[in-house]
Amino acid sequence: MADKPSIPKGTRDFPPLVMARRMHIFDTIRGIFKVHGFQAIETPAMENLSSLMGKYGDEGDKLLFKVLNSGDFKAKLSPEELSQTPAGKLGTMISGKGLRYDLTVPFARFVVQHRNEISFPFKRYQIQPVWRADRPQRGRYREFYQCDVDVIGSNSLLNEFELIQIIDEVFEALGLKVVIKLNNRKVLAGIAEVIGAPERMTDITVAIDKLEKIGQEGVRNELEQKGLSADSIAKLEPLLLMQGSTQEKLDKLEGMLEASETGKQGISEVRRLLEYVDTDPVGAELEIDLTLARGLNYYTGSILEVKSAEVAIGSICGGGRYDDLTGIFGLEGVSGVGVSFGADRIYDVLLQLDRFPKRAAMDTTLLFVNFGDAEVKYILPILGQLRKSGISSELYPEQAKMKKQMSYANMREIPFVALVGEQEMKDGFITLKDMESGEQERLSPEELVERLSSAK
RNA sequence: GUGGAUGUAGCUCAGUAGGUUAGAGUGCUGGAUUGUGGUUCCAGAGGUCGCCGGUUCGAACCCGGUCUUCCACCCCA
């Protein structure tokens, strides 16, 4: 006997209602990407493992799904290698491919590989699933969709501004309140420099990233543990506890980062970006957050992250500028900046807040009840007319009991039902029933189209 | 990867001094109602009690393992 059918850990099936809601998210995001002039691309689910390894830090390497080589994958290994190599390392020896971990690195590969066909700056969007061998939890899946927008081949901070606008427009359209957190890796690098530990930037940022969660004391302990000197920690603390308006924070920071060229540059970039925002302010809350670090180690400039202001679920969108990413694939001096929307988490937030549109808005508008073959033949051309007019409509395929057909409409939450029987055929009209109010009216086919077009 | 919970009908859950054919609500199917759904009433279908093994005369219940889901770390969308 076969096992009960199941799917791998951390993956999901999407039934129709869920899918309708997911499409609502994707359609909204895609529409806004297009309006901003971004073009769609896709890349394969699998990349060569060498394209993926080392791009996401040690932690990321562990979370990569590797695809076992076809054929006799152990033929090239000696028995010693086979038995002595630790499992984790063995995986990379017998796997030449891996599932993509995000869309940014494959995009960088794409840009380098197709550089002669692309005119820069290149604005692309990409909506595809990615895979991570993480331990699943709420809001964390092994297969999930990212919706990436990137501009590559332009250093201008106008791109960062456009991304902020896109974020604002997307969440506005979805009806979600969000906080956009902004920081700059150069500022973080400056801080590391000023406190006398320039090479420890990653450790420092990872630690201060947790400030909200583990508190000042916790951060201090973690930094001590990482081997940072007491002197450095003491210098760092006032920076973290800065209060005041964005401008005040920036002024204070600028003073502290006087000695660091990189730091000063970071500050001026943040200022510049905020100037753009001032010209056309966004609806979302925008805040400078020095504790925002972001783990992906390819970011070099602006970094940003979006959190729901209403539901605690981790970030629902994030990104930043990466100056060297294509360098890894052999194309130097091309800077890119982009953000990624986490569709699955956005879904969870919308669901929890009950902000999805009514099902009727995403589904069939009209159902014709089937009274028999003569009626069906009468209805078919009308049905075609409705569909040409963009009204989602269907005909019940069986001459089932009326109760059953009505229940079907009810279950599907179809807002209108059309009744065409002998009487209607003879008189040339259609009885339209509004399922919500229960009211019925008699309409000609033309009036029906008219009526439902306006009801949409 | 570390630590901790969880798992009984499609769904939400009852069900222990281990004892014959495992329950409720909801949903599903049919009927009451042969051109009218959502309410009500009646009937019916649906479970190898996550899976494997052990203890026992006997296991949904005790023990071990395993998988799933969830929670806290880690990390992140």
Side-chain angles (χ1 to χ4, degrees), chain A residues 1-12 15 25 29 56-64 86-88 100-104 127-148 202 205-207 209-210 213-214 218 222 292-297 304-308 313-319 338-349 367-372 375 396 399-425 430-440:
Chain A
M1 191 61 188
D3 289 335
K4 276 186 183 169
S6 64
I7 54 176
K9 183 198 285 210
T11 64
R12 296 151 299 157
I25 295 171
I29 291 174
Y56 310 103
D58 294 341
E59 207 52 53
D61 284 353
K62 280 189 220 157
L63 297 179
L64 282 170
R100 71 166 100 81
Y101 178 92
D102 71 358
L103 301 177
T104 307
I127 298 178
Q128 289 189 272
V130 304
W131 295 269
R132 296 185 188 178
D134 217 347
R135 183 175 289 202
Q137 258 175 50
R138 186 169 76 107
R140 173 183 293 197
Y141 308 98
R142 286 188 155 183
E143 177 183 59
F144 60 96
Y145 272 73
Q146 292 195 328
C147 311
D148 272 35
T202 309
T205 54
V206 166
D209 191 33
K210 296 178 194 161
K213 209 181 248 177
I214 60 179
E222 176 145 346
L292 172 61
R294 293 195 57 78
L296 298 175
N297 56 12
L304 58 88
E305 193 164 281
V306 181
K307 290 196 157 190
S308 165
I313 196 173
S315 63
I316 51 181
C317 174
V339 297
S340 178
F341 290 81
D344 300 81
R345 283 191 180 171
I346 293 171
Y347 178 94
D348 290 343
V349 171
L367 173 79
F368 279 94
V369 170
N370 185 331
F371 282 119
E375 286 84 350
Y396 197 86
Q399 190 189 336
K401 287 199 176 110
M402 185 136 175
K403 178 185 167 75
K404 187 167 167 60
Q405 301 193 42
M406 293 300 285
S407 297
Y408 172 81
N410 201 47
M411 289 266 315
R412 288 273 310 271
E413 293 177 45
I414 295 173
F416 295 99
V417 168
L419 304 170
V420 179
E422 268 179 46
Q423 196 59 44
E424 283 86 351
M425 283 200 294
I430 291 147
T431 300
L432 179 70
K433 172 164 178 143
D434 181 325
M435 290 296 277
E436 205 178 329
S437 66
E439 283 167 22
Q440 298 190 181

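Given the structure is predicted, the values throughout are model-derived calculations rather than measurements. Below, read A as the first sequence line, B as the second, and so on, with proteins coming before strands; counting in each chain starts at 1.
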Legend entry - C1' spacing across the pair C74(B) / G1(B), given as an integer number of angstrom: 8 Å
Legend entry - Single hit among Val306(A), Ile29(A), Ile346(A) for side-chain contact (heavy atoms from CB on, under 4.5 Å) with Cys317(A): Val306(A)
Inset, instruction - Whenever both distances are under 3.5 Å in a Watson-Crick or G-U wobble pair, mark it; put RNA chain B into dot-bracket that way, with [ ] for crossing pairs and | when the partner is on another strand. - result: (((((.(..((((.....[...)))).(((((.......))))).....(((((..]....)))))).)))))....
Legend entry - Ile316(A) backbone acceptor or donor facing Arg345(A) side chain under 3.5 Å: no
Legend entry - Test item: Phe416(A) and Met435(A) side chains (from C-beta on) under 4.5 Å apart, heavy atoms: no
Legend entry - Among A77(B), U69(B), G30(B), the one nearest Lys9(A) by side-chain distance: U69(B)
Inset, instruction - Determine: side-chain N/O of Gln137(A) to OP1/OP2 of A72(B), distance under 4.0 Å, yes or no. - result: yes
Legend entry - RNA chain B: 5'-proximal contact among Met435(A) and Tyr141(A) (nearest heavy atom): Met435(A)
Inset, instruction - Pick base, sugar-phosphate or nothing for Lys433(A), based on heavy-atom distances below 4.0 Å to the nucleic acid. - result: base
Legend entry - Glu424(A) side chain near Ile430(A) side chain, heavy-atom distance below 4.5 Å: no
Inset, instruction - Remember a base hit wins even if backbone is also touched, and classify Gly139(A) as base, sugar-phosphate or nothing at under 4.0 Å, heavy atoms. - result: base
Inset, instruction - Side-chain contact test, heavy atoms from C-beta onward, threshold under 4.5 Å: evaluate it for Val420(A) versus Phe371(A) and give yes or no. - result: no
Legend entry - G15(B) versus G7(B) - spacing of their C1' atoms, nearest Å: 15 Å
Legend entry - Atom C1', compared across C71(B) and C75(B): separation rounded to whole Å: 16 Å
Legend entry - Inter-nucleotide C1' distance (G58(B), U21(B)), Å rounded: 16 Å
Legend entry - Check: Glu375(A) and Val369(A) side chains under 4.5 Å, non-hydrogen atoms: no
Legend entry - Side-chain N or O of Lys403(A) closer than 4.0 Å to phosphate OP1/OP2 of G37(B): no
Legend entry - Rounded distance in Å between the C1' positions of G19(B) and C61(B): 12 Å
Legend entry - Nearest-angstrom distance, C1' atom, G47(B) to G10(B): 11 Å
Inset, instruction - Using the C1' atom on both, measure U68(B) against A24(B) and round to a whole Å. - result: 26 Å
Inset, instruction - Tell me what Gly372(A) touches on the nucleic acid: a base, only sugar-phosphate, or nothing, going by heavy atoms under 4.0 Å. - result: nothing
Inset, instruction - Verify the contact: side-chain N or O of Arg138(A) to OP1 or OP2 of C71(B), cut-off strictly under 4.0 Å; return yes or no. - result: yes
Inset, instruction - Answer with base, sugar-phosphate or nothing: what part of the nucleic acid does Gly438(A) contact at a heavy-atom distance below 4.0 Å? - result: base
Inset, instruction - Measure distances between side-chain N and O atoms of Arg135(A) and base N and O atoms of C74(B), and say whether any donor-acceptor pair falls under 3.5 Å. - result: no
Legend entry - Ring-base stacking, Tyr408(A) with G37(B) (5.5 Å, 30° cut-offs): no
Legend entry - Student check: side-chain heavy atoms of Tyr141(A) and Pro136(A) closer than 4.5 Å: no
Legend entry - Backbone of Tyr145(A) reached by a side-chain donor or acceptor of Asp344(A) within 3.5 Å: yes
Legend entry - Same-atom distance (C1') from C28(B) to C67(B), integer angstrom: 29 Å
Legend entry - Upstream residue (5' side of RNA chain B) when Glu439(A) and Lys62(A) are each assigned their closest nucleotide: Lys62(A)
